[in-house]
Amino acid sequence: MIHMVFFLVCFLASAAGAICGMGGGVVIKPVLDAFGILDVDSISFLSGCTVLSMTAYSVWKGRQEKRKEENQEVRIPIAVGAAAGGLAGRWMFSFLSSLSPDKNRIGSVQAACLLAVTAGTLIYTLYKNQIHTRNVKAPAGCVLIGTALGILSSFLGIGGGPINLIVLFFFYSMSTKEAAQCSLYIIFFSQSASILSSLVTGNIPEFPVTLLMVMTGGGILGGIWGRALNRRMAEQAVDRLFIGLMAMIMLINVYNIYQY
């Protein structure tokens, strides 16, 4: 029963993530935290693995289809920065976890940070048509932006989530669908670095291997379905789904802060 619940959460979250470019972790992490079945370390790691599996499929599929990758001149330096940020974010999480024997405390910090990020993202999304955007081209600036995104996503265990989209909207003037594809590319690099760091250092929490298989399987299948839906959906529909998810995530994080 637990495995089925985890599969459905990962499948639906990854499908929504593939549509909106959020990676799915921003939904998976707080929802599974709310169940309280596993500790914060395990959920963060499993969420990261699930997001990596989904984005790896999306990046691979894009290569197979030989689709023209837009914004290539900024995508690569952002991804490089995101990989470095992924390493830094993972180290920050491990460091803060070591400071307190109470794992729930780090969970409450994550929930509070994610609530703030999600609220800011929702406000920006609602008023984005009134905001003057930028068009950053300098490679150094792109690397710095990518590093900040990688740190935040790795520390929170969400893969990238809504903050990626807002940054891409504001700093690169991308459309919703352009930002969604670029966001998945960035998430792939940041999560690859974060998971690789955990494997190399041996800093891997305990969890049932079957649960990892179920979650990553759900992530890949959700990514396949979400990718297909993304092509059929209008920009306005993607925006509405994104706003609805942000509102739901905020409510879940309020609950998580309370329970921790």
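This structure is a prediction, so every number in the text was calculated from the model and none was measured.
Ile204 approaches Ser198 most closely through the heavy-atom pair CG1-O, 3.6 Å. Closest of all the heavy-atom pairs between Met174 and Cys182 is CE-SG, 3.9 Å. The minimum heavy-atom distance linking Ser44 with Gln110 is given by the pair OG-NE2, 3.4 Å.
Residues satisfying the side chain to side chain contact (heavy atoms under 4.5 Å, CB included) test with Ala237, not counting sequence neighbours, are Met233, Arg240. Contacts of Ala193 classified as side chain to side chain contact (heavy atoms under 4.5 Å, CB included), with partners at least two apart in sequence or in another chain: Ala83, Leu87. Partners of Val31 according to the side chain to side chain contact (heavy atoms under 4.5 Å, CB included) rule, which considers only residues two or more places apart in sequence or in another chain, are Val9, Val27, Phe35, Ile252. Every side chain to side chain donor-acceptor pair (under 3.5 Å) that Ser173 has, sequence neighbours left out, goes to Thr133.
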Return a table of donor-acceptor pairs under 3.5 angstrom between the side chains of residues 208-226 and protein atoms on other chains or two or more places apart.
residue, atom, partner, partner atom, Å
Thr210, OG1, His3, NE2, 3.0
Thr216, OG1, Leu212, O, 2.9
Thr216, OG1, Met213, O, 3.2

Show the atom names and distances, to 0.1 Å, of all donor-acceptor pairs under 3.5 Å that link a side chain in residues 111-127 to residues at least two apart or in another chain.
residue, atom, partner, partner atom, Å
Thr118, OG1, Leu114, O, 2.6
Thr121, OG1, Val117, O, 2.7
Thr125, OG1, Thr121, O, 2.7

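Taking a 6.0 Å sphere around CD of Glu206, one finds it holds 12 or fewer heavy atoms contributed by other residues, nucleotides or ligands.
The SG atom of Cys142 lies 11.0 Å from the CD1 atom of Ile76; values are rounded to the nearest 0.5 Å. Distance CE/Met248 to CG/Asn253: 10.0 Å, rounded to 0.5 Å.
Of the possible donor and acceptor atoms, none in the side chain of Ser154 sits under 3.5 Å from a partner among the backbone N and O of Gly150.
Stacking of Arg134 on the aromatic ring of Phe171 is not recorded, the 6.0 Å distance cut-off and the 45° axial limit not both being met.
Using cut-offs of 30° and 60° on the angle between ring planes, the pair Trp60 and Tyr57 is tilted.
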>> Under the criterion side-chain contact (heavy atoms from CB on, under 4.5 Å), I'd like the reasoning laid out for Phe45 against Asn203: C-alpha separation, chi angles, the key distance, then a yes or no.
In response: CA-CA 10 Å; Phe45 184 81; Asn203 188 22; over 6 Å; no
